[in-house]
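Reminder, nothing fancy here: chain letters follow the sequence lines and each chain counts from 1.
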Amino acid sequence: MSNVERFNPHVADARWQNIWEERRSFVADDNSTKPRAYVLEMFPYPSGRIHIGHVRNYTMGDVLARYKRMTGHEVLHPMGWDAFGMPAENAAMEKNVHPGSWTRDNITNMKAQLKRLGFAIDWTRELATCEPEYYGHEQALFLKLYAAGLVYRKESAVNWDPVDMTVLANEQVIDGKGWRSGAPVERRKLSQWFLKITDFADELLTGLGSLDQWPDKVRLMQENWIGKSQGLKCTFRFPGGDGGIDVFTTRPDTMFGASFVAIAADHPVAQKLAANAPDLQAFIEECRKGGTTAADIETAEKRGFNTGLTVEHPLDASWHLPVYVANFVLMDYGTGAVFGCPAHDQRDLDFARKYDLPVTRVVADGDVADSVFVGDIAFTGPGRIVNSHWMNGMTIDQAKADVIARAQTEGWGIGQTQYRLRDWGVSRQRYWGTPIPIIHCQTCGAVPVPDDQLPVTLPEDVSFDIPGNPLDRHPSWSKVDCPSCGNPARRETDTLDTFVDSSWYFIRFASQPQDKPFDRTVAEKWLPVDQYIGGVEHAILHLLYARFWTRALSHIGLIDVKEPFASLFTQGMVTHQTYQDAKGSWLSPDQVRREGDIWTIIDSGAPAVAGRIEKMSKSKKNVVDPDDIVDQYGADAVRWFMLSDSPPERDLEWSEAGIEGCWRFVQRLWRLTSQVSGADGADKVLDRKTHQVIAGVGADIEALAFNKAVAKIYDLANAIEKAAPSASRDTAIRTILLLSSPMVPHLAEEAWTQIGAELGGGLIADAAWPVVDPALLEEDEVTIAIQVRGKLRDTLAVAKGLPQAEMEALALASEKVQHAVDGGDIKKIIVVPDRLVNIVL
RNA sequence: GCGGAUGUGGCGGAAUGGUAGACGCUACAGACUUAAAAUCUGUUGUCCGUAAGGGCGUGCGGGUUCGAGUCCCGCCAUCCGCACCA
């Protein structure tokens, strides 16, 4: 054993970080002729401190970025800040700081934290969405979409806090009450800006088909979110022929099972009736209680109000159905009205049982075809149509087609494609966001801010001492002259949803000229992003909005990119055990100590309870600060931990023992690199292992299966340690350094200068990935399994490629096999070459 | 409520339908040491057995197959998303 000093990250980390920076190692060259690789992790919200989840995310991207550089790519790996959002305003209210200075301070701190981890980031392209240099271009893009007719204004519901007189985000509504006032929230309508994402519904849906490097689950979730369905839009007429109620249904086959029509509380018919019906008015107001989320609405008790109105059944005018106002019907989806077929829809059945409405079966469940439906569980399976006159005996699909055809011929309905997707409401009644560049004029209406007046910047002099949007009460900011007629007018005081900011930052990273949002030619060189990595919580909204925005820009001819992210990876969360004291208060991990199976509070000696392993969160105090652990173990051990053990798409549990193990491995790798001996001679077994590992680690990194790459590196380290000195062993040591350098770059550089000096020096970051010799991958001997009746009875080492007959003979000759067969009748022998023999009795 | 996923030793996990538990962690035993740390060697799914060997084992219940952790059907549990959190 040599007496090498330990690897000291406290010195080495900063040294190499400075060298990479000085040499501009990771600055991407727009004009490079190398193949390009754009590696992007979802940019962070500057909340204050870097979170371990960020570290995991950026470590994964970093390994890929560094690997891509080593395999000859020009890599773009940028970083920026998703810097607008509510927490800055909350901080302003709580700590009396300006959202801007709070945000910018956080960025400074978090950038320093990220730098300590040695990520191969091109910091020259750093951007923050809260700066006019970014959001000004966003305003320009918004106005281009406006000019193209993709932006419009309409009424839409928000959570209204009647005490604070302010709009609340869903997050600020807790159990139906405002988080500060505690008052029950109401749904209130406001006029707001919308982007026409529904124009792209079909494109966004079919586009999913081209995203073959996206996880199936994300594509499926987006598909369901867009929710394309075919159905019938038809009118249930008021008796007497004066108008009616338009209804959309995906189940026209069940029309003869209808027993009521239900309309939304906001439906014009309901509104009109309520004017003269106080009890209906009261019911409608009751329906407005509670928050706006789908979960709130759909888990609320299903309630209805019988309006006393009736409508004619389209297929039988003599058949009249009652009209209810129901709290589960949404004005935003379809026509805001449905017909209820209780036998074949659970919600309708619950409703019918509650209000004692008829329940008629129209789809047979096997042989059950009784006209009166029994039970409380709706039948939604396949079957043939019954109790439906001429449709009896048809399949569901035949009946659907029949009813739609009949409706179109007779003129009372039309076959229609419907989407669940709604237009994207982008108005936010808040300060800390991109101002919507519109001016409201009494004469001219909504007028876009002229290009030469962009950016519309946020005023700095705002106060947060009372709830509500400071832009609204700013003395002068909103007072402007109309750009069109010159008369006094009012600036829009709503700001844009922060999802708009994150819908194009990846384009701005690729190209950031001062005078326009991006240079098309340069952006198109880099886009689409080759690998996008982030949390699965963004599977729908962010990723769908970014896809839409890119298509919208493409639609108006600004860029020729349809899909922004060619390959997507969704990582799991970082979790940690939680601890509580006897009263149930949360304790941080450094407040408790373990003695055997007993946990105690260090300060008081009182008992503590080790609870569930949960996502790290401040409220549960189970957080670990990356700075602390980098201080203790250095960047490389932390990075190694982020990649080890857990598959990246799954949750990773932070543990003391785990990081200790990683620290030991870093030191072990360091010792290994001091063992280059200069010895001669080849070690064929080690050579084979080395090349198998080169091939395996490369494939694993490309597949982002970092835990498997790590396991293979451990395997190679074990093999090297067991091998006797030889030229092969020296090569294996250099190889393991190269293979692990994307993961532990500081140690790799440090060791590389020592053993690399003799090879001519240079940075390992600039070194080439080792090349696999396919001839060395081949094993000449394989172990085959011998099964009897599918149970393993023996294993045999045989030459690779042994003929099946010989495998069979060897298997039968095995004593263990003969014992297991025990003279029984052999019916069949299955032979899988180089794998196994299965003897079937 | 709707949509999506996950479930394998003490723990994290590995396994193109073909030897379940690679690799790591923990624990235990041993070596080295005055001692500790570090390091090294070995053991570590479970039950029966001195051993050889055998039984049982991938959330639960069925099924397909020569062969199922893997495919199919039905459950259970947990987690994530649900349009103003980012």
Side-chain angles (χ1 to χ4, degrees), chain A residues 1 6 42 44-45 47 82 84-87 156 158-159 167-173 192 197 215-218 220-225 227 291-300 302 328 332 346-347 420-430 497-499 501-502 535-542 544-545 570 572-573 575 612 614-615 644-647 649-653 655 657-658 660-662 664-665 667-668 671 705 707-708 710-715 717-718 721 783-787 789-795 816 819 827-830 832 835-841:
Chain A
M1 251 347 273
R6 285 182 158 208
M42 292 178 186
Y45 176 77
S47 57
D82 188 13
F84 276 136
M86 281 202 312
S156 167
V158 293
N159 301 304
V167 177
L168 298 179
N170 285 336
E171 192 189 48
Q172 298 170 316
V173 178
Q192 309 197 68
I197 190 172
D216 288 343
K217 64 172 175 183
V218 175
L220 190 57
M221 280 192 262
Q222 293 214 349
E223 188 181 321
N224 291 335
W225 187 261
T292 56
T293 72
D296 279 348
I297 291 162
E298 285 166 39
T299 51
K302 308 292 175 283
F328 58 84
D332 288 333
Q346 190 59 46
R347 201 168 54 182
R420 202 186 75 100
L421 182 68
R422 308 198 301 256
D423 274 336
W424 177 12
V426 293
S427 290
R428 296 292 181 273
Q429 295 70 41
R430 274 189 271 284
D497 180 5
T498 57
F499 274 125
D501 308 336
S502 53
V536 71
E537 66 273 18
H538 295 292
I540 295 173
L541 294 180
H542 161 58
L544 192 65
Y545 291 147
T570 56
M573 298 178 299
T575 61
R612 296 160 51 108
E614 295 194 60
K615 177 178 181 172
S644 305
D645 293 349
S646 283
E649 68 276 14
R650 263 196 247 172
D651 289 353
L652 169 69
E653 190 196 342
S655 76
E660 293 278 353
C662 293
R664 284 200 297 274
F665 179 73
Q667 295 301 335
R668 187 175 157 209
R671 286 194 301 278
N707 58 320
K708 294 190 217 170
V710 162
K712 290 186 175 92
I713 289 171
Y714 273 117
D715 223 12
N718 291 342
E721 280 176 352
T783 306
I784 59 166
I786 315 298
Q787 299 179 333
R789 264 183 284 183
K791 280 191 180 265
L792 181 71
R793 292 300 167 187
D794 202 0
T795 56
K816 289 173 185 169
H819 184 252
K827 287 198 186 118
K828 190 156 80 163
I829 300 181
I830 311 267
V832 182
R835 282 244 127 158
L836 65 65
V837 178
N838 187 11
I839 296 161
V840 186
L841 297 186

Separation of [X] atom [atom1] from [N] atom [atom2], in whole Å?
X	N	atom1	atom2	result
A/L836	B/A15	CG	P	19 Å
A/D296	B/G1	CG	C1'	11 Å
A/R6	B/A37	CZ	P	13 Å
A/D216	B/G4	CG	C1'	12 Å
A/R347	B/C2	CZ	P	10 Å
A/I830	B/G17	CD1	C1'	12 Å
A/D645	B/G24	CG	P	10 Å
A/Q667	B/A37	CD	C1'	13 Å

Would you say [X] and [Y] make side-chain contact, with heavy atoms under 4.5 Å?
X	Y	answer
A/T293	A/V173	no
A/F665	A/I713	yes
A/D497	A/W424	yes
A/Y714	A/R668	yes
A/F328	A/I297	no

Quote, to the nearest angstrom, the [atom1] distance that separates [N] from [M].
N	M	atom1	value
B/G61	B/G9	C1'	24 Å
B/G45	B/A27	C1'	15 Å
B/U39	B/U33	C1'	11 Å
B/G24	B/C40	P	11 Å
B/U19	B/G67	C1'	12 Å
B/A22	B/G12	P	15 Å
B/U44	B/G10	C1'	10 Å
B/A31	B/G18	P	44 Å

Any base atoms under 4.0 Å from [X], or only sugar-phosphate, or nothing? Heavy atoms, all strands.
X	answer
A/K302	nothing
A/S655	nothing
A/A657	sugar-phosphate

Under 3.5 Å, is there a donor-acceptor pair between the side chain of [X] and the main chain of [Y]?
X	Y	value
A/D82	A/P44	no
A/Q222	A/A539	yes
A/T498	A/D501	no
A/N159	A/G291	no

Return no unless some side-chain N or O of A/N718 is found under 4.0 Å from OP1 or OP2 of B/G24.
->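 Yes.
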Using a cut-off of less than 4.0 Å, is there contact between a side-chain N or O of A/R650 and OP1 or OP2 of B/A14?
->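 So the side chain of A/R650 is within the cut-off, an N or O lying under 4.0 Å from OP1 or OP2 of B/A14.
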Checking only heavy atoms, does the side chain of A/N224 share a donor-acceptor pair with the base of B/G3 at less than 3.5 Å?
->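 No.
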Of all heavy-atom pairs between [X] and [Y], which one has the smallest distance, and what is that distance?
X	Y	value
A/T570	A/K217	OG1-CE, 3.7 Å
A/I197	A/D423	N-OD1, 3.1 Å
A/Q172	A/V167	OE1-O, 4.2 Å

Polar contact flag, side-chain donor to acceptor under 3.5 angstrom, A/S646-A/D651 =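 No, A/D651 and A/S646 have no side-chain donor paired with an acceptor closer than 3.5 Å.
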Among B/C23, B/U19, B/A38, the nucleotide that comes nearest once only the side chain of A/Y714 is considered =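 Closest of the options to the side chain of A/Y714: B/C23.
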Kindly point out which of B/G24, B/A5, B/U16 is positioned nearest to the side chain of A/K217?
->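 Out of B/G24, B/A5, B/U16, the nucleotide with an atom closest to A/K217's side chain is B/A5.
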Going 5' to 3' through [range], assign each nucleotide B (protein heavy atom under 4.0 Å from a base atom), S (under 4.0 Å only from sugar-phosphate atoms) or - (no protein heavy atom that close).
range	value
nucleotides 81-86 of chain B	SBBBBB
nucleotides 67-78 of chain B	S----------S
nucleotides 41-59 of chain B	------------SSSS---

Taking for each residue the nucleotide of RNA chain B bearing the nearest heavy atom, is the 5' side occupied by A/T783 or by A/A711?
->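 Its nearest nucleotide lies further toward 5', so the answer is A/T783.
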Complementary nucleotide of [N], counting Watson-Crick and G-U pairs under 3.5 Å:
N	answer
B/A86	none
B/G53	B/C48
B/G67	none
B/C25	B/G10
B/A5	B/U78

Assigned glycosidic conformation for B/G61 [threshold 90° from 0] =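 The base of B/G61 is oriented anti (glycosidic angle more than 90° from 0).
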Is the A/H538 ring parallel, tilted or perpendicular to the A/F499 ring (thresholds 30°, 60°)?
->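 If you compare the ring of A/H538 with that of A/F499, the planes turn out perpendicular.
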